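Note that the structure is a prediction, hence the values are computed from the model and not measured.
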Amino acid sequence: MAVTGLNHITLAVSDLDRSCAFYVDLLGAVLRARSDKSVYLELGTIWLCLEWADKVTPRADDSHIAFSCEPSDFERLSQEVSAQAPLWKENRSEGASVYFLDPDGHRLELHLGDLESRLAHYRAHPDKGVRVVDP
């Protein structure tokens, strides 16, 4: 048996309206359901639940959620994100990326590329010290 994929992501937020607007207006999420304590959004194939909490404590390490977009949309979307959200990291990895914070400080990334492009990068650059394991 094995996990078959990502089911959903739940983020604790301090203001449902503000967070919902951030994900819908800036990132293009689709609002699917709402209650007094939660919002259910759809971002492509991702089900994102925003859940109200009276105390939100985002992590201070490199843990983050990375979102994809169409390559033709990356430049426009990354410019909009950079103009409206604080940035927390510069891109030093394969593929174009912009690293930004949501209104509660959750660490997010907009990234072009996928696992195969990352593995191809490491195959082409063995000096990076990453050994690719083929199944």
Side-chain angles (χ1 to χ4, degrees):
M1 276 190 251
V3 171
T4 59
L6 180 64
N7 186 281
H8 70 278
I9 299 167
T10 298
L11 296 175
V13 300
S14 60
D15 183 326
L16 278 176
D17 291 332
R18 178 185 68 180
S19 293
C20 185
F22 177 87
Y23 285 93
V24 170
D25 297 341
L26 183 58
L27 300 182
V30 176
L31 178 63
R32 296 296 307 270
R34 182 175 181 126
S35 73
D36 292 342
K37 301 262 183 192
S38 62
V39 172
Y40 295 92
L41 302 171
E42 190 173 25
L43 286 141
T45 60
I46 298 171
W47 160 21
L48 177 64
C49 176
L50 304 177
E51 195 169 77
W52 180 84
D54 59 357
K55 183 176 181 188
V56 177
T57 311
R59 298 179 62 104
D61 57 25
D62 199 44
S63 298
H64 62 280
I65 300 168
F67 298 110
S68 297
C69 69
E70 293 296 325
S72 60
D73 292 334
F74 182 82
E75 189 62 34
R76 177 194 54 79
L77 191 51
S78 65
Q79 287 177 359
E80 290 177 15
V81 164
S82 297
Q84 297 183 46
L87 303 181
W88 64 274
K89 179 180 173 179
E90 287 189 31
N91 185 28
R92 294 182 299 276
S93 64
E94 167 274 332
S97 290
V98 61
Y99 296 87
F100 59 103
L101 302 174
D102 80 354
D104 284 289
H106 297 293
R107 293 172 181 238
L108 307 173
E109 174 187 3
L110 181 63
H111 179 74
L112 280 184
D114 57 18
L115 178 59
E116 291 308 315
S117 64
R118 180 65 53 96
L119 297 178
H121 171 78
Y122 286 128
R123 283 186 191 99
H125 297 90
D127 57 302
K128 302 269 186 191
V130 177
R131 183 176 57 90
V132 176
V133 179
D134 292 311

Exercise for the section: Return yes when atom CZ of Arg18 has more than 12 non-hydrogen atoms of other residues, nucleotides or ligands closer than 6.0 Å, and no otherwise. Expected result: yes

Exercise for the section: Mark yes when over 12 heavy atoms from residues, nucleotides or ligands other than Arg76 sit less than 6.0 Å from its CZ; otherwise mark no. Expected result: yes

Handout entry: Arg34 side chain reached by Asp17 side chain, heavy atoms, under 4.5 Å
Key = yes

Exercise for the section: With sequence neighbours left out, write down each residue that passes ring pair (Phe, Tyr, Trp, His ring centres under 6.0 Å) with Trp88, or none if nothing qualifies. Expected result: His64, Tyr99

Handout entry: Glu51 and Thr10 side chains, donor-acceptor separation under 3.5 Å
Key = no

Fill in the blank from the handout: Residue set satisfying ring pair (Phe, Tyr, Trp, His ring centres under 6.0 Å) with His106, at least two apart, ordered chain then number -> none

Practice task
Flag yes if Val30 and Tyr40 sit in one hydrophobic cluster, no otherwise; membership is Ile, Leu, Val, Met, Phe, Trp, Tyr, and two members link when side-chain heavy atoms are under 4.5 Å apart.
Solution key: no

Problem - Any pair counted as ring-ring contact (aromatic ring centres under 6.0 Å, His included), so long as it reaches residues 7-39, sequence neighbours left out - result: His8-Trp47

Exercise for the section: Mind checking side-chain contact (heavy atoms from CB on, under 4.5 Å) for Leu119 and listing every partner two or more places apart, or none if nothing turns up? Expected result: Leu115, Glu116, Arg123, Val132

Exercise for the section: Flag yes if Phe67 and Leu31 sit in one hydrophobic cluster, no otherwise; membership is Ile, Leu, Val, Met, Phe, Trp, Tyr, and two members link when side-chain heavy atoms are under 4.5 Å apart. Expected result: yes

Problem - With sequence neighbours excluded, residues passing side chain to side chain donor-acceptor pair (under 3.5 Å) with Thr4 - result: none

Practice task
Inspect the surroundings of CG in Asp134 and state if more than 12 heavy atoms from other residues, nucleotides or ligands are less than 6.0 Å away.
Solution key: yes

Exercise for the section: Could you tell me which residues satisfy salt bridge (charged side-chain N to carboxylate O under 4.0 Å, His left out) with Lys128, sequence neighbours excluded, listed by chain and number? Expected result: none

